[in-house]
Each structure stands twice: as structure tokens, then as C-alpha cells.
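A short worksheet on the structure shown next.
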4 protein chains.
Amino acid sequence: MSTKVTASVENPELVQKRRAQIVRAATKLFSSNGFNNTTIKELAAEAGISQGLIYLYVREKEDVLLLVLQQVVEEYAVEIPRSIVGVKSPLECLVRAIDAYCRVVDRHLAATTLAYQATKSLSQSRRNSIQESEMETNAIIGEIIRDCIGQGILRSVNVDILTYQIVFAAHGWALKGWYFKPRIGLDEYISDTIDIILNGLLTPEGQDLFDSLPDGLFSPV
Amino acid sequence: MSTKVTASVENPELVQKRRAQIVRAATKLFSSNGFNNTTIKELAAEAGISQGLIYLYVREKEDVLLLVLQQVVEEYAVEIPRSIVGVKSPLECLVRAIDAYCRVVDRHLAATTLAYQATKSLSQSRRNSIQESEMETNAIIGEIIRDCIGQGILRSVNVDILTYQIVFAAHGWALKGWYFKPRIGLDEYISDTIDIILNGLLTPEGQDLFDSLPDGLFSPV
Amino acid sequence: MSTKVTASVENPELVQKRRAQIVRAATKLFSSNGFNNTTIKELAAEAGISQGLIYLYVREKEDVLLLVLQQVVEEYAVEIPRSIVGVKSPLECLVRAIDAYCRVVDRHLAATTLAYQATKSLSQSRRNSIQESEMETNAIIGEIIRDCIGQGILRSVNVDILTYQIVFAAHGWALKGWYFKPRIGLDEYISDTIDIILNGLLTPEGQDLFDSLPDGLFSPV
Amino acid sequence: MSTKVTASVENPELVQKRRAQIVRAATKLFSSNGFNNTTIKELAAEAGISQGLIYLYVREKEDVLLLVLQQVVEEYAVEIPRSIVGVKSPLECLVRAIDAYCRVVDRHLAATTLAYQATKSLSQSRRNSIQESEMETNAIIGEIIRDCIGQGILRSVNVDILTYQIVFAAHGWALKGWYFKPRIGLDEYISDTIDIILNGLLTPEGQDLFDSLPDGLFSPV
DNA sequence: AATGAATGAGGCTTCATTCAT
DNA sequence: GATGAATGAAGCCTCATTCAT
């Protein structure tokens, strides 16, 4: 990671342990109440430590947020590559990557939502550090897509847009959880999503209709 | 709208005018600095009025946020139906709706981003009011999709998921503007998005490969 | 003054009035308890205003200290020149200046003591601003001394050292008030001080003795 | 000393050694940053020991300050008498004492300044203990002066005021070091100071003028 | 004796909200 | 209707002191 959070405690195991405590508590509170509405006092209480102790492991409150967000993007960066290790077929890679992404999100619902809420609360440099990590993960997906296109498995579509469509589909499970969770399970969400994205929507008749639409249909109003 | 913001000023035209001033300023400041990092003092300065005056048109700070968010969702609720008025073909409706949604987002980049950041800062009742509006707009899109499916234009896919895929595509223009804006124009974004969503991705060969993938490929790890 | 303290309140009369309140309270509390041991809460209470109000007239606590110290040095810079206005004889000027200095100190016992205690609590730039004021006042005294020497009234002594001897004599009334106050009145303090400084100490016989002291008597140990 | 600082460590040599470490570090930090702006953590780092260790040799932070100040006043109390040991002539005693005082100050510039700043940070009992030491040293000088007067070497002036004039002259070398140091050396400072104090200022003509000044010149305004 | 992690009280400062004009 | 000075409740963070090792 480019942006390091500094601790004034030397012992690295202790640092890791304490920070894990803090991040766990922070993820919970930040995502349910928001970063700004969570006080250090509450955070300390949730983590089972004193207020002052937090500041031995973090220089300011914003650092806690950074640690939380770093944890998620790092898990993305680890889990998605791991899900396609050893898989030859690019198509299978793509399917597995989508699947893995959705499942990582499911394990980090709170933190994922948080990333959308709280990035504005980070200073520019810290925000950059998070966005770079995000782009790295996206690059992996983009690569898989390019492979598929190269092998004639996928049509030659806009890779960036498709990448983000996949990313949003995964994040959507967290962002709109309040809508989906009561209606559908994760497995179904994943398979239906993959179905829509890969198989497209139009029936043969629909395809004819679509082709006959005037070209400039959706041009500037 | 179910949740009304109350003003202590009688003259309704004045209320409208002042609130417009306030909302304009708030949209700018909230979306660039975040809701919590914007002070009433800054807001008043940006709106060209005094701090005290704000409280004649709003009961508390959160109300300002509600007004801002209401404005966006209302514009969604107005613009999207308008874009399909008089259009017979459900497929054309769908295409026009996606196009319209993206363009409304483009006109409200700041506010759209804000909706993702700041909803957590709303009290539950206010949050519900926004989410209901969002669902109303989504319902329109869902209806169009169902029409398409009913007429055999689209395959029978999961309507909810597809709806949100479209919604995310539109919102994505705002949420990831920092990525897309330097790389692509709005028109291209819209047409490529529609292409991917409607036409699907798989080539005929890709289709064969996909069909031969083991069924339980992406089941729980 | 070079270093200005900024207020966020416009009305200059109000600023002056409130700052006077604050400075009066601060002088009292700072000099009896020290700058660091005085809390803003105590200060507000003593001034009869709320904590928050202080920050409409001052950017940070240190500014309050600066205001207090500025007030004293400014009074020095005003009172001492005023005491010699229109006086022709340089010797009379000198006597009057010493007298005036001591009396200003007497009117600002607390603040004078404070200046010795708290200058270290000022940031460098603020400290400089105070030291410059001090030097301006000292320059006036130095000028008078030079006049006296020029006219053959005083021996040609080290002007800087004599200046500070006078300054210390004045400040001493505040600094060692705990010693002098119970033993002697201000008038007597002033006249005895002037007597010692101007008339010297040695009797004719003492003079002879002094002249016969070995030259290197007080050289480095 | 009346006020003792207690240590929880038995071995007196160790106590002395550790305290010396602590006092050395404290003198440096307190006088450059002020007592209140120096943390125990910094102090420990400067002294090369741990925070906790300090509390084995001192009951609270204020004790450290007391130790520092005690060290200076004790050195005054030792050095000044030593400088006049065996000297018969009271005038020579006086000159030597002034000289010695200035030189002790020069060796303890930081601590001397500190005494003026930080005495207010001491509790009353500790402050008294320091002031008593100061008075003891002053008493020695007062005695010498009285001797001189008794032997007809000095005029019969106010002994207290003269004593403090001498004390201030010595302290001034530290207090106004920022002014004198770049302009003059210690030796010159001492000899010029003694010259002014002992020989007085007025020329014969000045004397006449002075005698002809109206008596109530410097009476209350 | 020594360490340094841990505690928690309390200070400075901000800011939503009120109120006198 | 409008202003902006005034309030006071917290929030973040620091740091003297303690305590387990």
C-alpha cells in the first residue's frame, strides 16, 4: 500500500491485533451509523478498549476509516485472483471472478457500503490510495474480458464499461441489500446476474426489432 | 412526497424561491465537501443569505439534505416517464428510458453522488421517503421490462436484477465519473451501455462454451 | 501592530468591547494561575460570556495571550512618551520616564509578570511582535540617555545596559512585588531607585578604594 | 531544602544518577519549550529512559520542575559565598559577588529563564521553597552591601532595592540574552554593569542639575 | 529496577441552533 | 422576513499517571 498508517507502538503483532479489533468495531459502527456520526468514544467501547489506546495505533480518526477501506480493497485484490488460479478457460475465469467478487462483497456488506458513503471523508491522498487499489482489481477483470474477446468468446465490447457493469453488479448486492435480501438469495443473485450479463436479453425477434430502431434514437435531448 | 419539510414562512412563492437558493448551494457544497463537512455558515454564505434565515425555511440541517435528495429523485420520476410518453414499442421505451436516465444523471452528477454518500445521514423516516421515490422510478423501468418480456422481445430474465443493472449503469456515470469522464463522452457511454445490456456478450462459440460449463460452477465456496 | 488577531465579527465597536472583556478576564486568570493552567471555560466564566463566543473574537487560545501582552506593551509605548511631552531638559525627561515606567507597571502588575512567564507560550511570530514593541519602548529610553550623555549630564556609559537596568527596575516592582509590596510603597520605590541609578553608590573614600582594585578582578573564573 | 522530592528507589547513588539524567533533560526541554509544552514522553526520550522510570524517582511532573529550579538556586547559594571566601575588603566582596552571580547565570541560562517562566506552575509550597532559597542568596548580597555602608564605602541607600538591582542585572544576562548575546560578551557585560551600578551616572554638572530638579517631580500622577 | 502499553479525565475547538434586534 | 451575535453541547485528541510484565 502506498499510504501507510503509522502506529506509535513497536511490537508488530500487537499492532496487528489491536488494529484488527479497531477495524472490526469501526466497520460495524461506521457502516451502520456513518463515519461522521460515530464517535471515538463509541468506537473504543465497541472495540473494548479505551479512547486513548486508539491513538497509539492511528494518528487520527480518518486513519481508522482508511484502515477499514484498505481492508476491503485488499481482500478484493486477494480473493479475485485466487478464485481463478489455475483456471485455463478465460470464460470460466470470468464467471468465477464475478462469482468471487459477489461473494467477497457478501462477506463485507458493511464495508462495501461504507466505501460508497465515506470516501468523501478521506483526504485526497488517502482517497487516491483507495482508488488505485480499486483500479488494480478492476484491471484484473478487464484483462480477463480482453482474453475472452481475444479468443472470440465475447463480442468486442467496451471493456471499461463492461468491467464496471460487473463491479456494480457485485457492489449492488451490498448497496441495494435492503431491496434484494428479502427477495432473493446470494446464489440466485449471482447466477441471474451472470445470465443477464453474458447471455444478453434480446430474443431473436427482439434482435430484429432492435436492429430496426432509428440510429439516433438516444442522442442528446 | 410523503415526508414534508416545514417552513415557518407563509408566502409560498418566497418559500420556493429561498429553498431553491438553499438547495442549489447545498447541492454544490454537500457533494464537493460532504454533508457533514459542510457548515450552515458556509451554506448560508454560498446561498447569499444569513445563517438564521435558513431556519425559517427548514427545521434542521438534515432537512436541507432531504430537499436536495428529493429534488433529484423527483427529477428522475418526472424525466423518465416523459421520455417515453407516446412511444408504443416497449423496446423503444426501454432504450429511451435508459438514455433518459443517464442524461438526468449527467445533469445531476453532484446530487447523484451525494445520494450514495449521504443517505446514511438521514433519519430513518426521511431515508424511507427517498427510497420509496427511488422504487417508484424503478417500478417504471420494471414495467417496461415486463412489457418487453410479455411481447417476446426480451428473454424472461430476473426483472429486479435487470432493473438495478440499468440503474447502476446510469448512476455509474456519476459514481465513477472520475474514471470515465477523461476517457469517454456521455453519448458513447450510453450507446455502449445499451449495447452490452441488450445484445449480451457471448458470441455463438462463446455460447457453446458457456452452455458446457459445469452447473455448480459458481456455488458457495 | 504587525501581528493582528482576527475576529469573525464585523462591528468594530463590539469587537473592541468584547475583547476588552476577554482581556480583562484573561489578564487576571493568566497571571494568577498561568496561561496553561487557565481553561477557556474558566476564562469565559470570568468574562461573563460563553466559551463559544470567545472564538468569534479570537482564532485560538494563544491569541488571547497575545492580546493581553499587546495591551501592556502598547500602554508602555504610549505612556512613556506622553510623560516627557514638552519637557526640555533631558535629565528631567529621564527621571520622568523612569517614574512613568514604574507607574505603568504598577497599573499592570499582573500583565507584566505574565509577560515574563508566558512569552514562551507564544508562537515565534507572535513572540517577535511583542519583542519588537518592547524594543521600540526601550529605544525611547535609550534616546533620552544618549541625549543626556551628549549634553554632558551623564557619563558616557553603556546605553543598552543602562536601559535594561532601568527597565528591570520598573519590571522589578511587578516581578518581586511579593517582596517589596509588604515593605515599601511605590513612591519610595521609585525615588530610591532613581537615587541609586543616577547618584551612584560610592562615597569619595569608596571611590578611592574602587579605583585601587586590581584590574582583572572580575575576569573569568 | 525544606521541600523534599521523594523517590521510591532505595539506592541513593542510583537516585542521584537518575535524577541528574532527568534534570539535565528537563532543563533543556523545559527552557526551550516551556514546562507545560514538554511531555513526560519527550522528557523520557531526551533522558534516554522510559516514561515509567521517571515515576520511580519523582512523584509527579511538577517535582521534576522543582528539582530543576532547586539545582539553580542551590548553585547560586554555593557559588556566590565561595567567590568571596577569604576576601577581607567588603567592596571587593561586592564586586566579586556581582561577578560570580553573572557567571553562574551564564552557566545556567536555560534554567534561569525557566525560573521566571515556570514558578507559577509550582504549587504554593514548592514555590515557597524556591523563593526562600532565593532570599537566602539575596541576604548574602544584602549583608555585603550593609558592610560597605557600615564602613563608609557606599552611601546609605536602600539595601533591598540595590540588592535586587544587582540580582536583575545578573538575571538580565539570561532574560534578555536574545538582545545582549549578539551585541556584547559576558566580560564586558559584567564590567559595564558594575561600572554603572557603583560609579553612578551623573557628571558634576549633571549632579547640579539633578539637585535643582523640583522635589515632587516624580510623585503620583 | 525498568519497560511501555493502557487508561481516562479534561482541554480546545467547532458548529447546529436560538434569540434579540 | 432577515440578520448575525450568542449559546453550549459534544467531539477529537493529548498526556500525566498507572500497571502488568
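Here the structure is a predicted model, which is why all the values come from computation and not from measurement.
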Annotated protein contacts, base or backbone, on nucleotides 16-21 of chain F with a non-hydrogen cut-off under 4.0 Å, one of B, S, - each: SBB---
Check: D/Glu60 main-chain N/O paired with D/Asp63 side-chain donor or acceptor under 3.5 Å: yes
Donor-acceptor contact below 3.5 Å, side chain B/Gln21 vs main chain B/Ala47: yes
Pair assignment for DNA chain E - dot-bracket with | for other-strand partners, Watson-Crick or G-U under 3.5 Å: .||||||||||||||||||||
Distance, rounded to the nearest Å, where C/Ile49 contributes CD1 and F/dA5 contributes C1': 12 Å
Nearest-Å distance for atom pair CD/C1', residues D/Glu10 and E/dA2: 16 Å
B/Gln124 atom CD: more than 12 heavy-atom contacts under 6.0 Å: yes
Under 3.5 Å: donor-acceptor pair, side chain of D/Asn33, backbone of D/Phe30: no
pair C/Arg18-C/Val9: side-chain heavy atoms closer than 4.5 Å: no
Row check, B/Phe35 ring normal vs B/Lys120 NZ/CZ: under 6.0 Å, within 45°: no
Gap between atoms CG and P, on A/Leu56 and E/dG8 respectively (whole Å): 14 Å
Sugar-phosphate only, base, or nothing, as touched by B/Ser8 at under 4.0 Å among non-hydrogen atoms: nothing
Short side-chain N/O contact to E/dA5 OP1/OP2 from A/Tyr57, under 4.0 Å: no
Carboxylate-amine/guanidinium contact A/Arg19 A/Glu13, below 4.0 Å: no
Atom-to-atom span, CD1 of B/Ile54 to P of E/dC15 - whole angstrom: 14 Å
Sidechain-backbone polar pair: B/Glu132 side chain, B/Ser129 backbone, donor-acceptor under 3.5 Å: no
Separation of F/dC15 C1' from A/Leu53 CG (nearest whole Å): 14 Å
Comparing C/Asn11 and B/Arg18 on DNA chain F - which has the more 5′ nearest nucleotide: B/Arg18
Nearest-angstrom distance from the residue atom CG of A/Asn37 to P of E/dC15: 14 Å
Sugar-phosphate only, base, or nothing, as touched by B/Glu42 at under 4.0 Å among non-hydrogen atoms: nothing
Whether A/Gln71 side chain and A/Val68 backbone form a donor-acceptor pair below 3.5 Å: no
Sugar-phosphate, base or nothing in reach of C/Leu14, heavy atoms under 4.0 Å: sugar-phosphate
For atom CG of D/Leu43 and atom P of E/dT3, their distance in whole Å: 14 Å
Options E/dA1, F/dG4, E/dA5, nucleotide nearest the side-chain atoms of D/Val9: E/dA1
